[in-house]
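Please read the structure below before turning to the comments.
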Amino acid sequence: MYEASQVEKKWQKRWADKGLYTAALHDETRPKYYNLVMFPYPSGDKLHIGHWFNYAPADSWGRYIRMKGYNVFEPIGFDSFGLPAENYAIKTGIPPVKSIATNCAKMEQQLAAIGTMYDWSKKVVTSDPEYYQWTQWVFLQLYKKGLAYRKRAPVNWCPSCNTVLANEQVVDGRCERCKHEVTKKDMTQWFFNIRSYAEQLLDFSELEWPEKTILMQKYWIGRSEGSTVDFEIKGHPNEKITVYTTRVDTLYGCSYVVLAPENPLVEKILTPEHKAAFDAYYEQTKKETDILRSAEGREKTGVFTGAYAVNPINGDKVPVWVADYVLMTYGTGAVMAVPAHDERDYDFAKKYELPITQVIKPADGSKVSLADGAYTDDGVLINSEDFDGVESEMARKKITEILKNEGTGDFKVNFKLRDWLVSRQRYWGAPIPIIYCKDCGDVPVPEEQLPVMLPENVDFVPRGKSPLAFVPEFMQTTCPRCGKPAERECDTMDTFVDSSWYFLRYPSARAKEKPFDRELTNHWMPVDMYIGGPEHACMHLLYARFIHMVMRDLGYVDTKEPFKRLVHQGLVTKDGAKMSKSKGNVVSPDEFVERYGSDIFRMYLMFMGPFEAGGDWNDQGITGVARFVDRFWTLMTNRKQMKASDIEESAMRDLQRNIHKTLKKVHDGIEAFTFNTAIAGLMEFVNEAMKTGIDTDSRKMMVRAIAPLAPHLAEEIWEFLGEKDSVFNAEYPEYNPDLLVEDSIEIAIQINGKVRGTITVAVGAEKDSVLVMAKAQDNIKKYLEGASIKKEIYVPGKMVSFVI
RNA sequence: GCCGGGAUGGUGAAAUGGUAUACACGAGAGACUUAAAAUCUCUUAUCCGUAAGGAUGUGUGGGUUCGAGUCCCACUCUCGGCACCA
């Protein structure tokens, strides 16, 4: 009987004592392999099944790669800054420093119980000053390069809680905690200019990433090619309205222009009799959150400004409106409205009875009715003077060129991607290393003064500003430039900044004088395999690429991309539903690990389904894996047939074939991250080998095969079989394709596409002899009687097909 | 609405265009046992049949092919992401 808990403790201790997984960071004799998982947030809840489902197979992958001869570096750490710890502090009064320390310790124990190869000596904790001083350093590098800047921007604001809310704290336009309606408030905040890297971020050529993730990032960045068009404003010779459009071919159909309510131009051109209406409308808009404003099927609203603009292509006078369907954050905050060829403009024009002029007709000559909607496809221009008959694509080019010549327009590439707002009016984050001096303005904290320490004696209760603003010892400082009294920035950084460079620090995690050892990091980068949830497709994975590109441009790293290969784990469900506290269907790993051990628990998670698809947890399902482990243990440790000579010759051949067939299945399964089929292969092997028996050499082969999937079990058997060194210092067994070949094989016989019988033929048998045998098969004979064969197909080793 | 997955036994799931349901759970029967648990053996898509065999079967409807879970077209449901991007 295999005693998992004893065995696992024994090996975990031995691994730690020997420092088996302390990476040989400078070893150049083996190719390096940086095997990384997205580090966890140390929450008060324990390690959940999702963590296990991510980390255990990721570790199996690392062990497999290690046995394949690579020098594997598998680090871990904690993404420990962030909202939950602060909210917990507000609720309980326990400072985040304390709760995080407790949670990390607890989680470290649980992570250790998985039996992973983590190199704990390289642990990184983002809320430790020894880490966040370098997050502040990263900020300063961006600042120096002009990539960090300040501007006013709206935040979600809860007037009742007196606090700024993150997007995820706004539920249906209301505050998550007090249910009060959320409004917007303008605040001056720090941004990273990620937009200037938009074009580079669209280059995915070096990445072995899921197609889906690349597509999501592409869409998120949202590159579009279009034109800007300048409209003069009647009575305002010094102002103009610049619009951005991807459909300049529809310019002759422009029947009005729309500005975003926040557009500063509105104030200037508004006529007195329309001021009251606009003010009311603007107030209304401010109250509505982005979420409400973009609600599906929302009716278009807007107000007339009283002003008129001039269409530069034909001199048409068109009214200027304000509507909240135009966003200040995209394009120029102004659009030319072509109701005939844009859905939103169409709805708006219908409602406010603005003219709808068709200027595009389908290229195939089919008729279009504008009675029930806009025609949004490309086509051929009509009602467009000189451009009548020109195709949309050509017209876009020609019209823009004319505008360009006249100085009223140009080609323009636009991005949906917005700059990254990094300011958080929060306590539990890395303070932004900036000092405000009355005389010198914004002054960066000199690098040698880092870290800007987060004070511990702080009142966390929200009072409308970052809690740090109420800590005079923190706020009051002197200007590094002129030495006069000055104030610190009281906001902290978004936690995505912390996690956008941690992988650079891991190899030199304890470095004192620098964020990372340039040589070491360059040796280990890029991350060869990055494993984590698909929810990070757009935020974390984009930010990390951006920061990495900046670091490269500053000369700190050589690699172009941080994460070479990326794999997302699927979701673990319970009875087909997502696990959640509110549903009460959360499965705790601990009790199962205690009962079955980590190997069995790990293997069951891998057996549930393909890694990238996730799986459905079943309390009883794990018993199948437990039974398998017992059978495997028995097969490998019983005293019978330890020598090959004790096994009959034909049984030995069967065994060999069985072994190599299994090795292939396991190899294919692990390589494809379909560990479920790898384990199924091993189960089949055990079922077979129980009949034939197995000798010591074969046992050693199979123990190595299972080792990445069941590390403790494998070590124990490896030792039992007389080996002194760790099985993870052994080589992974390769399969021999020559030994896979069967002597004879059963093939199917089809008549008109239906299987009517089978015959057993020798491998490599001639077509003619196989056909003769097939025709002689009892059941087939019946079908062939009195029928004429029109066609005979023979697929060697697979089947025979007769068409009659 | 748009983008991307997915849909196969009672359940989790296998299947380079070539015998659909491997492997496992569950269920049923049996062996061992005073008994139970554990373990072992057998059966297990549905329908007809004692059997041999046959019919029907991979969300729906078409198509390509000697042959389709797999490829093509149209659709339904479901999960995930995005959402007035001009």
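The chains referred to below are lettered A, B, ... by the order of the sequence lines, with proteins before strands, and numbering in each begins at 1. Keep in mind that this is a model prediction, so the values were computed, not measured.
Protein atom CD1 of A:I622 is 16 Å distant from nucleotide atom C1' of B:G26, rounded to whole Å.
In this structure, A:R195 has no side chain to side chain donor-acceptor pair (under 3.5 Å) partners at least two apart in sequence or on a different chain. Considering only residues two or more places apart in sequence or on other chains, A:Q6 meets the side chain to side chain donor-acceptor pair (under 3.5 Å) condition with none of them. Applying the side chain to side chain donor-acceptor pair (under 3.5 Å) test to A:Y197 and every residue at least two apart in sequence or in another chain returns A:K145, A:D553. Residues passing the ring pair (Phe, Tyr, Trp, His ring centres under 6.0 Å) test with A:F415: none are found, sequence neighbours excluded. Partners of A:S255 by side chain to side chain donor-acceptor pair (under 3.5 Å), not counting sequence neighbours: none found. For A:Y543, the ring pair (Phe, Tyr, Trp, His ring centres under 6.0 Å) partners are A:W420, A:F496, not counting sequence neighbours. A search for salt bridge (charged side-chain N to carboxylate O under 4.0 Å, His left out) contacts involving A:K212 returns nothing, not counting sequence neighbours. With sequence neighbours left out, the side chain to side chain contact (heavy atoms under 4.5 Å, CB included) criterion links A:D619 to A:K574, A:F592, A:W617.
With distances taken from any side-chain atom of A:R631 to the nucleotides B:G53, B:C23, B:C40, the minimum falls on B:C40.
For B:C73 and B:U56, the P atoms lie 28 Å apart once the distance is rounded to whole Å.
Nearest-nucleotide positions on RNA chain B for A:E684 and A:M336 put A:E684 closer to the 5' end.
RNA chain B lies under 4.0 Å from no heavy atom of any residue of residues 657-665 of chain A.
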Indicate every side-chain donor-acceptor pair of residues 330-342 of chain A with a distance under 3.5 Å to a residue at least two apart or in another chain.
| unit_1 | atom_1 | unit_2 | atom_2 | d |
| --- | --- | --- | --- | --- |
| A:Y330 | OH | A:S224 | OG | 3.3 |
| A:T332 | OG1 | A:T242 | O | 2.6 |
| A:T332 | OG1 | A:A334 | O | 3.3 |
| A:H341 | ND1 | A:Y375 | O | 2.8 |
| A:H341 | NE2 | A:V359 | N | 3.0 |
| A:H341 | NE2 | A:I360 | N | 3.1 |
| A:D342 | OD1 | A:R344 | N | 2.9 |
| A:D342 | OD1 | A:R344 | NE | 3.3 |
| A:D342 | OD1 | A:D345 | N | 3.1 |
| A:D342 | OD2 | A:R344 | NH2 | 2.7 |

Pick out the pairs of N or O atoms, protein on one side and nucleotides 29-32 of chain B on the other, that lie under 3.5 Å.
none

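A:K300 contributes a side-chain N or O that forms a donor-acceptor pair with the base of B:C84 under 3.5 Å.
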Query raised in the report: What string of B, S and - do you get for nucleotides 10-19 of chain B, 5' to 3', when a contact is any protein heavy atom under 4.0 Å?
Result: --BSS-B-BB
